[in-house]
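This report refers to the structure that appears directly beneath it.
Position 1 is the first residue of the sequence, and the numbers go up from there.
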Amino acid sequence: MPGPEITKTLDVQGISCPANAMRVRAAIAELKGDELLEVLVDEGEAVLRVARTLKDCGHRIVKVENRGEGVSVIVGK
């Protein structure tokens, strides 16, 4: 049985808080079942704030990976 898969990628690099977190929350609301969202976000404070917002809203962060020009955060409902 296949596991959850990334169904959408959202690039919020260069978008400041709280706008980036609001876009991420809206994209997560569209996920169904086991679908995952890949969020591309700037390193530093932006990734910390987005991650904190996701956790505070009860979403699960599956993986965080540095991609050189930012950070990839895989998240599910």
When you measure from the side chain of Asp42 to the backbone of Gly14, do you find a donor-acceptor pair of N or O atoms at a distance under 3.5 Å?
yes

Using a 4.5 Å cut-off on heavy atoms from C-beta on, say whether the side chain of Leu37 contacts that of Thr7.
no

The test is side-chain contact (heavy atoms from CB on, under 4.5 Å); show your working for Leu10 and Leu40 and say whether it passes.
CA-CA 6 Å; Leu10 177 66; Leu40 303 176; over 6 Å; no

Please collect all salt bridge (Lys or Arg N to Asp or Glu O under 4.0 Å) contacts where either partner lies in residues 20-33, sequence neighbours excluded, each pair once.
Lys8-Glu30

Can you list every pair that meets salt bridge (Lys or Arg N to Asp or Glu O under 4.0 Å) and has a residue in residues 12-22, with sequence neighbours left out?
none

Do any side-chain atoms of residues 64-77 form donor-acceptor pairs under 3.5 angstrom with protein atoms, and if so which ones, sequence neighbours left out?
from  : atom 1 : to    : atom 2 : distance (Å)
Asn66 : OD1    : Gly68 : N      : 2.8
Asn66 : ND2    : Glu43 : OE2    : 2.7
Arg67 : NH1    : Glu38 : OE2    : 2.9
Ser72 : OG     : Glu38 : OE2    : 2.8
Lys77 : NZ     : Ala29 : O      : 3.4
Lys77 : NZ     : Leu31 : O      : 2.9

Ignoring hydrogens and angles, write down the donor-acceptor pairs under 3.5 Å from the side chains of residues 44-63, residues two or more places apart or on other chains.
from  : atom 1 : to    : atom 2 : distance (Å)
Glu45 : OE2    : Arg49 : NE     : 3.0
Thr53 : OG1    : Arg49 : O      : 2.9

